[in-house]
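This report refers to the structure that appears directly beneath it.
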Amino acid sequence: EPEVTQTPSHQVTQMGQEVILRCVPISNHLYFYWYRQILGQKVEFLVSFYNNEISEKSEIFDDQFSVERPDGSNFTLKIRSTKLEDSAMYFCASSELGQNTEAFFGQGTRLTVV
Amino acid sequence: GEDVEQSLFLSVREGDSSVINCTYTDSSSTYLYWYKQEPGAGLQLLTYIFSNMDMKQDQRLTVLLNKKDKHLSLRIADTQTGDSAIYFCAETPNRDDKIIFGKGTRLHILP
């Protein structure tokens, strides 16, 4: 069964460092998303991406965040200068249709900023 | 703004039915979802219901939607140990393509 894969499963980084979280969406999907879940809190929408551009982003997705689809298969989330409060589980998702009727999620990357 | 609320914990005896409840605020929600998250795994879409439906059944799962009260429930019949997980209620507002999640209900199965 096709699945969304994310790497790494766990990343530890020092405050102020840049991190890149990687995702391989399902191959025929056209819409891509990043969500995050801070421990004990809700899963929050960060950004959606379609046709090589951001289609929507939340207030959380400020200038320190960026997304890219560098090679037609990977979908990355970059955090330029990590803060302690960026520590969270980051989920990538993809769907065929933009209304998220069947959004498939990856297993998540746990980011720990120390 | 949009919000989804659900209780954080539920304990059920093996073989009994589990009922997980959720309330939401956005009356223009188009799709309402239940996702399951097992330890160390991603979010798995269990089932979803369109806002013009009252009920959807899929094997052991029954979803009930009361649109007037903005209340969604997930019933798992004959709960098994493999059902132990966190269950997230979620909705898509009509005009957007993002999903709004609740905090998740941790379902604990008692022997």
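Numbers restart at 1 for each chain; the letters A, B, ... are given by sequence-line order, proteins then strands. These numbers were taken from a predicted model, which means no experiment stands behind them. When reading the values below, keep in mind they use all heavy atoms of this one structure, side chains included, and skip hydrogens, waters and symmetry mates.
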TODO: Please flag which part of A:S55 lies under 4.5 Å from any non-hydrogen atom of chain B: side chain, backbone, both or neither.
DONE: side chain
TODO: Please flag which part of A:E3 lies under 4.5 Å from any non-hydrogen atom of chain B: side chain, backbone, both or neither.
DONE: neither
- [ ] For the residue pair A:H29 and A:F104, categorise the inter-ring angle as parallel (less than 30°), tilted (30 to 60°) or perpendicular (more than 60°).
- [x] tilted
- [ ] Report the relative orientation of the aromatic rings in B:F88 and B:F101; use parallel for angles under 30°, tilted for 30 to 60°, perpendicular for over 60°.
- [x] perpendicular
Open item on the list: I'd like to know whether the aromatic ring centres of A:F32 and A:Y50 sit less than 6.0 Å apart in this structure.
Closed with: no
- [ ] Quickly, which of A:Y33, A:W34, A:Y35 forms a ring-ring contact (aromatic ring centres under 6.0 Å, His included) with A:F45? Name it, please.
- [x] A:Y35
Open item on the list: Please classify the contact of B:Q44 with chain A as side chain, backbone, both or neither, using a heavy-atom distance under 4.5 Å.
Closed with: neither
